[in-house]
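Chain identifiers are assigned alphabetically (A, B, ...) following the order of the sequence lines, protein sequences preceding nucleic acid strands; residue numbering begins at 1 within each chain. No hydrogens, no waters, no symmetry mates; every other heavy atom, side chains included, goes into these values. All figures in this text were calculated on a predicted structure; none of them were measured in a lab.
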Number of protein chains: 2
Amino acid sequence: MATGRTHRPATRSRGIPEATVARLPLYLRALTALSERSVPTVSSEELAAAAGVNSAKLRKDFSYLGSYGTRGVGYDVEYLVYQISRELGLTQDWPVVIVGIGNLGAALANYGGFASRGFRVAALIDADPAMAGKPVAGIPVQHTDDLERIIKDNGVSIGVIATPAGAAQQVCDRLVTAGVTSILNFAPTVLTVPDGVDVRKVDLSIELQILAFHEQRKAGEETTMETAAGDIGSLPAAAAAHGTSADDSADQGPDGDVPAVMPA
Amino acid sequence: MATGRTHRPATRSRGIPEATVARLPLYLRALTALSERSVPTVSSEELAAAAGVNSAKLRKDFSYLGSYGTRGVGYDVEYLVYQISRELGLTQDWPVVIVGIGNLGAALANYGGFASRGFRVAALIDADPAMAGKPVAGIPVQHTDDLERIIKDNGVSIGVIATPAGAAQQVCDRLVTAGVTSILNFAPTVLTVPDGVDVRKVDLSIELQILAFHEQRKAGEETTMETAAGDIGSLPAAAAAHGTSADDSADQGPDGDVPAVMPA
DNA sequence: AAATGTGAAAGACTTCACAGCA
DNA sequence: TGCTGTGAAGTCTTTCACATTT
């Protein structure tokens with residue numbers, strides 16, 4: 001979804017494709033596991049299998065970073081770990097704030113992978129005064145009133161929003177004003193941000209809906225049914241057109257659903 | 001991370017592009033909001049703005065579903081809500097099980113958006129005997145031992161994995177064996193599944209790393225620094241090279257990614 | 001006059017397949 | 001021989017721009 005698109009048109013200094021960037025963390029994880037097992041080198045084939053991609057793609061991805069492999073041998077694990085970490089900016093410390101310490105916020109604060117790779121939870125912020133001072137994951141929750149100060153005092157540039165949808169945009173605005181330029185949004189809402197600010201979204205219900213789409217399709221196949229019967233019962237109910245002149249008679253016949261995709 | 005690949009020629013009968021499917025939930029959410037405000041119709045321009053995409057893309061997306069708009073007018077909100085819901089398979093009930101009731105699992109169980117759109121948390125499962133019986137989000141947690149029975153008794157086809165990485169593959173195998181064909185994986189690990197099973201992954205640390213990448217770039221631009229100084233200190237420290245110590249092996253499925261859907 | 005639906009062009013990403021190096 | 005690195009081909013996605021319909 002990559003909300004935050006819109007990078008400056010320029011900045012072509014190092015054009016690593018977005019799709020490649022999105023896979024680097026995957027490779028890094030696989031490499032880290034190999035490193036822990038003291039495996040010295042891997043071939044693109046092996047590493048690709050561990051990361052769940054195909055080897056040609058992996059080699060192409062690495063080619064954007066430079067030539068870090070050895071023909072006939074493979075890649076040096078430690079060296080690659082370092083190169084990818086550096087490329088991703090993980091060799092530096094990233095203080096992060098989490099806003100909205102409900103169930104999800106607490107889960108995120110406790111998430112191990114967070115602290116590991118260069119990210120450090122600098123502060124937890126919540127709008128509920130009752131939460132203030134209470135420690136979550138060993139970090140005392142602070143009140144929203146101090147948001148700006150917290151951001152500035154800690155030099156935070158990455159913010160995580162785990163508030164209810166209704167509060168997300170407002171929190172986002174404050175974060176941005178205070179200097180945050182990258183946001184990870186867990187609230188089920190579209191955030192509007194000024195140019196130069198990156199937003200990534202994680203949305204549970206969207207993922208489930210995508211799964212449901214495929215699941216539905218599988219079910220339909222099995223039985224070779226093509227009329228997708230079974231739903232006809234629960235009709236639109238909408239159908240009825242509001243003003244919009246266009247009387248319903250137009251298309252949707254009572255059963256005339258079956259949208260016949262692909263109108264020639 | 002786009003999951004469902006698809007080798008097969010891709011059944012053109014109803015070929016809705018994966019990228020379009022991934023956006024339908026977005027449109028649906030925007031439409032639902034409009035519906036609640038009793039807005040009768042929207043133009044592609046307005047709806048696109050609400051969903052955070054551009055209007056040409058939205059129109060193209062809708063064109064795969066059929067011709068549900070009215071030229072010169074726009075789209076009937078209620079009607080579109082129904083059509084998209086049906087296309088996504090949300091007009092039916094999807095029982096879901098969540099495995100791994102730690103911080104994250106509990107957050108998911110409590111997540112409102114879950115219950116809303118056709119998804120119903122049929123059961124919560126955890127390996128810790130101490131959790132058994134304890135209610136989370138009003139649902140009693142059950143022990144992993146009963147996983148297979150629970151799946152079957154409830155006709156579950158969608159499973160959510162929120163266990164630690166180490167347990168994920170095993171849980172996945174059991175879910176699949178018991179009949180689950182769609183999995184939403186929150187564990188930071190690559191899951192291997194047989195053909196016909198869909199896996200989607202949500203990975204916090206990957207999202208953060210992608211943000212860090214862009215964040216780093218921004219910082220670099222501002223100061224025109226390009227040597228990313230300050231890191232040179234922590235060098236690779238790699239180099240050693242053993243022979244081909246490929247012991248693990250296990251390079252299974254060629255494209256261990258996601259399978260797919262729709263055999264022609 | 002307004003706004004959809006869609007060919008066609010442009011762009012991004014993936015896969016192929018093989019030259020070239022260790 | 002084994003495996004990387006990469007042009008070229010193929011596929012998917014986005015964007016353009018306009019004919020078409022209400």
Side-chain angles (χ1 to χ4, degrees), chain A residues 1-2 5-7 9 12 15-24 27 41-49 51-76 79-80 241 243-247 249-251 259-264, chain B residues 1-10 12 15-24 27 41-49 52-76 79-80 83 241 243-246 251 254-255 257-258 260:
Chain A
M1 221 102 278
R5 206 50 306 97
T6 326
H7 284 267
R12 94 274 295 340
I16 299 181
E18 192 58 33
T20 294
V21 172
R23 280 187 296 268
L24 293 182
Y27 301 144
T41 58
V42 259
S43 66
S44 60
E45 204 73 57
E46 295 166 325
L47 183 53
V53 305
N54 91 22
S55 66
K57 192 186 288 182
L58 177 146
R59 287 200 301 280
K60 179 66 98 181
D61 283 341
F62 286 179
S63 79
Y64 293 116
L65 308 184
S67 291
Y68 295 147
T70 306
R71 292 171 200 238
V73 178
Y75 301 91
D76 180 282
Y79 187 54
L80 245 194
T244 324
S245 57
D247 50 89
S249 63
D251 31 3
V261 174
M262 304 260 86
Chain B
M1 214 106 289
T3 306
R5 203 51 316 87
T6 305
H7 314 252
R8 321 316 173 67
R12 41 77 239 288
I16 299 183
E18 192 59 32
T20 294
V21 172
R23 280 187 296 266
L24 292 181
Y27 301 144
T41 59
V42 258
S43 66
S44 61
E45 204 73 57
E46 296 166 323
L47 184 53
V53 304
N54 91 22
S55 66
K57 192 186 286 182
L58 177 145
R59 287 199 303 279
K60 180 65 103 179
D61 283 340
F62 285 179
S63 80
Y64 293 116
L65 308 185
S67 291
Y68 295 147
T70 305
R71 292 169 200 240
V73 178
Y75 301 91
D76 180 282
Y79 187 54
L80 245 195
Q83 291 299 345
T244 330
S245 69
D251 41 333
D255 68 323
D257 208 15
V258 193

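- Using a 4.0 Å heavy-atom criterion, one finds that F62(A) contacts no nucleic acid atom at all.
- One N or O donor and one acceptor, one from the side chain of R71(A) and one from the base of dT4(D), sit under 3.5 Å apart.
- Following rounding to the nearest Å, E45(B) (CD) and dT4(C) (P) show an atom-to-atom distance of 8 Å.
- The side-chain contact (heavy atoms from CB on, under 4.5 Å) test applied to A56(B) returns N54(B), R59(B), not counting sequence neighbours.
- Among dT14(C), dC13(C), dC18(C), the nucleotide with an atom closest to any side-chain atom of E18(A) is dC13(C).
- Side chain of K60(A), nearest nucleotide from dC16(D), dG7(D), dT4(D): dG7(D).
- Contact record, D61(A) with R23(A): OD2-NE, 2.7 Å, taken as the closest heavy-atom pair.
- When the side-chain nitrogen and oxygen atoms of S44(B) are compared with OP1 and OP2 of dT4(C), one or more of them lie within a distance under 4.0 Å.
- The phosphate of dT14(C) (OP1 or OP2) has a side-chain N or O of R23(A) nearer than 4.0 angstrom.
- Atom CG in L65(B) sits about 11 Å away from atom P in dT6(C), given to the nearest Å.
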task: Please lay out, stage by stage, how F62(B) and L80(B) fare under the test side chain to side chain contact (heavy atoms under 4.5 Å, CB included).
output: CA-CA 9 Å; F62(B) 285 179; L80(B) 245 195; 3.3 Å; yes

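- Side-chain nitrogen and oxygen atoms of Y75(B) include at least one within less than 4.0 Å of the OP1 or OP2 phosphate oxygen of dG5(C).
- In this structure, NZ of K57(B) is placed 12 Å from C1' of dG11(C), rounded to the nearest angstrom.
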